[in-house]
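The structure appears right after this line, and notes come after that.
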Amino acid sequence: MSRSTVAIALAGSGGAGVMTIGSMLLEAAARSGYYGLFSRLSGPQVRGGEAAALLRIGTVAVESQPDYYDALVAIDWGHVERFATEIPLQATSLIVGDPRMGEPPEAMLASGATLWKLPFSEQAATVRGGRPNMVALGVVSALLGLDPDELERVVVAKIGAKGEAIIEASRAALRAGRSLPLPDGGALALASPADPKPRWLISGNEAAAVGALRGGIRFVAGYPITPATEVVEWLAPVLPELGGTLLQAEDELAAVGMAVGASYGGVPAMTVTSGPGLSLMVETLGLAIAAEMPLVLIDVMRGGPSTGIPTKSEQSDLNLAIYGTHGDAPRLVLAPVSIADTLATTQWSVELAEALQVPAIVLSDQGMGQTRSVIDAPALHDSPDSRLRAGPLEPDSYRRYAITDSGISPMTAPGDAHGQWIGDGLTHNERGTPSSAAKDHHAQLAKRLRKLESHDFGARWAEVEGDGEVAVITWGSTVGPTREAIARLVASGHRLRHVAIRLLAPLQREALAAALRGVRRVIVVEVNQAGQLAQYLRATGAIPVPVESHARPGPLPLRPRELVETLSRWCSQ
Amino acid sequence: MNAPTLPKLDPKDFKSDVKPIWCPGCGDFGVLAALTRASAQVGRPPEEIAVVSGIGCSSRLPAYTSAYGFHGVHGRALPFAIGLKSARPDIEVIAVGGDGDGYSIGGNHFLHACRRNVDLVYIVMDNHVYGMTKGQPSPTTEPDWICNIAPAGTGLHPLNPMTLAVAAGANFIARGFTGDPNGLARLIVEAIAWPGFAFIEVLSPCVTFRPEQKDWKHAVHAGPAEPLSDRARAAAVLLSDDGFGTGIFFKGERSRAHPLPAASRTMDDIERRFAL
Ligand SMILES: Cc1ncc(C[n+]2csc(CCOP(=O)(O)OP(=O)(O)O)c2C)c(N)n1
Ligand code: SF4
């Protein structure tokens, strides 16, 4: 029987080359018309140590980590047992290992998975310069029924620069792997892909960068931090090609300050960080809110608090993003609902930040940011400049913080004659002159709230799917696994509603209430300890029934099976 | 020094109608006077200048000018200035602030601004005290200065910001005194004209919390006759300096900062790498 999705984990010690074959496998599958996800696992060592390439390949878009891996293929067993919780196996799974490399770890055999012993290293030795990882790639590709020619093309393209001898050795090792007899041949064969549409292979971090550029960002400052660094590294060579600037700041205090400075110069600006960096940035975040500066701030979340788990995902920065900084400081908080959506949501964040003259925080996470995904080629356009710029001005007429119905006041930038204003974090009057008068304080606070509350965000605030009386609310990386869990329940006759919130602040209370009309139960699914979104939704009173929470901390990704059982119980209660 | 361009603009053109909150006699008035005079001499209109600051009495200065500007958060004037100048090289960017703002909470940015050497001017109004918070010791305060928070003095070694600047890579280093606004204006004009990061340490008395600084007018004296261009020699001079010599101590490379690159590719082209 062929399958619509297959999940494979390729493991080994550092240097065994599992990441190389993982990316080759994904690319070959993608070029054959499949969708897929590829994420990397590594031990705590900075370099070397055990590693695993986690792949999930499917005939339709894949947005969730799998319930279980269908196969764990190990080049060697290094410290692979450390990944036992991250590579869940079940009785129907396969463990494929080289008998020369010892026995698979007890923790993995305990799943009841079937063990196949295949002589990767022996087989590699039959080829001059052959490497066991390429043999394993051959085995896996045969197992999945991937087109051997497509795979060879990908392998040749990826190692082409290393010269003819290495290409030949790799090809031969690949074939040696394919020729190994499979004990139960074809067990994991994928169904044929649907008619392939134009597709992209991209990570969430790259998608955020592209979205930012499409939105008009032309200045970026950042300070290295896992798992956000790649966004800045990817942008570094690209921004100058677009006439923009990228600076590596001396710390996050500087990074956000530089971005606000560039924005003051009239140039759409962004900074990119993870939790510890966002913690450092909150004072300037408040400044940008008070001084009404457009700014985009991407937070690729990791396990917290403090240094937490730098290399693993968690959705625990929501409170900081929504509430972080002193004073009453409304801002935009958005979260992409999938890796593919990271591009569009980041681009929208730029447009909104510019239009509303306020910081927009984009909450991605390690799982979304560092996972490579095959997505349908996105519809692309450059955003128009949405900053409301003052036209030609008469002398002494300009009031930067003029009270308007929309709360938005026209902006000037240095160079504009008669448009001078002093940005200030001090409470100010309409001209921007510091004032501690109650009336100015109230008027400016009200203006800043009004521009967010009265803006028409349209339908993009959320993805609303289904019509059951039980509703699930999700955000960010929990959207994908929840969708998959719901699809399974719907297939078995249940009715469920799913609201994936993209615009977290300002919360679209009326739209949310409308989306939930007629529900009898609401459960909020998220990966953090406190149920931060659930608490926020309760506090805003936007939900007509009591808000229940299904929250647990990271670092393990949410898997559909975690929800299926709970949700089916609810549907029948 | 190059002959300054003929002043077409008047210092008054660079003053705003906002009344300073400073105590009568505060040294910072002298910096405001010098900055407006220098701006008039440089000859660029106020809308082409941006004065940015952190927090402190001295950091209130931007609002007293008619230029663009920003009064940000404590210690972060330099990142803001660097972001602005990098995004808008066509604008004259002048960062200003106090010794607490620049050398304490913003000390890290000071070091890295020297290293980064972006073409802007940084004026520190050094009064060896936190004025705004009413009289605490700053990094440049004498170790035996007595105040509420340090009843026996801090006993800490005072920072030598100019030596730090020369070691960290600043391209222009000068000291001025607010009692001589014309001399200070000349320094500012030269600092604007010189490429890279130009740092001016200004002796700016706090008459309220350090009334003894009124005597600085007797202590200041002319500094080096000619600026040095050798960092090691400049560092040696600055290390043995009494802290009251005014003038330009160091001028480094003449090379200009890089202008913004022109766009050379399109997004469609850049995104091609993702297509399968
Ligand atoms: C984060 C933060 N911490 C503390 C303060 C309080 N504060 C305001 S100004 C200042 C020191 C100002 O001293 P200095 O920079 O030397 O300027 P002066 O007032 O002497 O001109 C301090 C500590 C603040 N505004 N922000
Ligand atoms: S307290 Fe000192 S620094 Fe502040 S305004 Fe008064 S004299 Fe100037």
Side-chain angles (χ1 to χ4, degrees), chain A residues 27 30-31 196 198-202 206 210 213-214 218-219 221 238 240-245 247 249-251 253-267 269 283-284 286-287 291 374 377 380 382 412-426 432-434, chain B residues 16-18 21 45-52 55 60 62-63 65-88 90-93 105-106 108-109 111-113 115-116 118 260-271 273-276:
Chain A
E27 195 167 329
R31 291 192 183 279
R199 280 155 317 127
W200 278 19
L201 179 54
I202 194 167
E206 289 166 340
V210 172
L213 295 176
R214 282 287 184 181
R218 288 297 179 272
F219 180 92
V238 169
E241 294 175 337
L242 295 168
T245 310
L247 297 179
E250 56 271 27
D251 54 33
L253 305 165
V256 67
M258 289 170 175
V260 177
S263 178
Y264 182 79
V267 176
E283 189 192 15
T284 295
L287 171 70
V374 182
L380 297 161
D382 286 328
T412 59
D416 297 350
H418 312 303
Q420 292 97 308
W421 57 288
I422 306 296
D424 209 318
L426 278 170
T433 308
Chain B
S16 78
D17 57 2
V18 180
I21 59 159
E47 67 265 24
E48 293 179 12
I49 299 173
V51 186
V52 309
I55 296 291
R60 288 296 196 111
T65 75
S66 64
Y68 278 90
F70 212 93
H71 178 220
V73 288
H74 194 26
R76 318 291 165 218
L78 285 172
F80 187 99
I82 288 166
L84 173 55
K85 184 70 186 185
S86 305
R88 291 291 306 275
D90 56 316
I91 298 300
E92 207 58 73
V93 177
I105 192 166
N108 193 37
H109 306 310
L111 286 184
H112 294 282
R115 289 181 53 228
R116 206 180 287 277
V118 169
L260 272 186
S264 57
R265 280 177 83 188
T266 63
M267 278 305 290
D268 291 338
D269 187 23
I270 287 165
E271 285 153 350
R273 72 190 77 174
F274 298 119
L276 279 161

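Reckoned from all heavy atoms, side chains included, excluding hydrogens, waters and symmetry mates. In what follows, chains carry the letters A, B, and so on, assigned in the order in which the sequence lines appear, proteins first and then strands, with residues in each chain numbered from 1.
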I need the residue from A/G425, A/A30, A/A291, A/G286 with the largest number of non-hydrogen atom pairs under 4.5 Å to chain B. A/A30
Would you mind telling me which of A/T245, A/L247, A/V256, A/L287 has the largest number of heavy-atom pairs within less than 4.5 Å of chain B? A/L287
Heavy-atom pairs under 4.5 Å with chain B, option from A/R214, A/R218, A/R31, A/E206 with the top count: A/R214
Under a 4.5 Å heavy-atom cutoff, which of A/T433, A/V267, A/L426 has the most pairs with chain B? A/L426
Against chain A, label B/R273 side chain, backbone, both or neither, depending on which of its atoms sit under 4.5 Å from a heavy atom there. side chain
Structural part of B/A67 lying under 4.5 Å from a heavy atom of chain A: backbone
Which region of A/A221, side chain (C-beta onward) or backbone (N, CA, C, O), has a non-hydrogen atom less than 4.5 Å from a non-hydrogen atom of chain B, or is it both or neither? neither
Counting heavy-atom pairs closer than 4.5 Å to chain A, which one of B/R115, B/H109, B/H112 comes out on top? B/H109
Is there a side-chain contact between B/I270 and A/E241 in this structure, where contact means two heavy atoms from C-beta onward sitting under 4.5 Å apart? yes
Okay, B/L276 and chain A: the region with an atom under 4.5 Å from a heavy atom over there is both
Atom group of B/D268 that falls short of 4.5 Å from chain A, counting heavy atoms: both
On a heavy-atom basis, which atom in A/G244 and which in B/P261 lie closest, and how many Å separate them? O-CG, 3.9 Å
Toward chain B, the part of A/L242 with a non-hydrogen atom under 4.5 Å: both
Sub-3.5 Å donor-acceptor pair from the side chain of B/R76 to the main-chain atoms of A/G257, do we have one? no
In terms of heavy-atom pairs under 4.5 Å with chain A, which of B/A77, B/P46, B/A113, B/G106 leads? B/P46
Under 4.5 Å from any heavy atom of chain B - which part of A/V374: side chain
Closest-packed option against chain B by number of heavy-atom pairs under 4.5 Å, given A/A255, A/A262, A/A249, A/A259: A/A262
Apply the test side-chain contact (heavy atoms from CB on, under 4.5 Å) to residues B/M267 and A/D382: give CA-CA distance (whole Å), side-chain angles for both, the deciding distance (0.1 Å), then the verdict. CA-CA 9 Å; B/M267 278 305 290; A/D382 286 328; 4.3 Å; yes
Minimum heavy-atom distance B/S86-A/F219, with the two atoms named: CB-CE1, 4.0 Å
Quick one: what part of B/V73 sits under 4.5 Å from any heavy atom of chain A, side chain, backbone, both or neither? both
I'd like to check the side chain to side chain donor-acceptor pair (under 3.5 Å) partners of B/R116; sequence neighbours left out, ordered by chain and number. A/E250
Is the backbone of B/S66 close enough, under 3.5 Å, to the side chain of A/Q420 for a donor and an acceptor to pair up by distance? yes
With under 30° as parallel and over 60° as perpendicular, where do the rings of A/Y264 and B/F70 fit, or are they tilted in between? perpendicular
Okay, A/P434 and chain B: the region with an atom under 4.5 Å from a heavy atom over there is side chain
If I measure from the heavy atoms of chain B, does A/P414 come under 4.5 Å with its side chain, its backbone, both, or neither? both
If you count heavy-atom pairs within less than 4.5 Å of chain A, which of B/T65, B/N108, B/V18, B/D269 leads? B/N108
Counting only N and O atoms by type, is there a donor-acceptor contact under 3.5 Å from the side chain of B/Y68 to the main-chain atoms of A/A413? yes
Ranked by heavy-atom pairs below 4.5 Å to chain A, first place among B/G83, B/A81, B/G72, B/A50 goes to B/G83
Tell me, please, which residues at least two apart from B/A63 pass side-chain contact (heavy atoms from CB on, under 4.5 Å). A/I422
Check each atom of A/A377 against the heavy atoms of chain B and say whether the ones under 4.5 Å are side chain, backbone, both or neither. neither
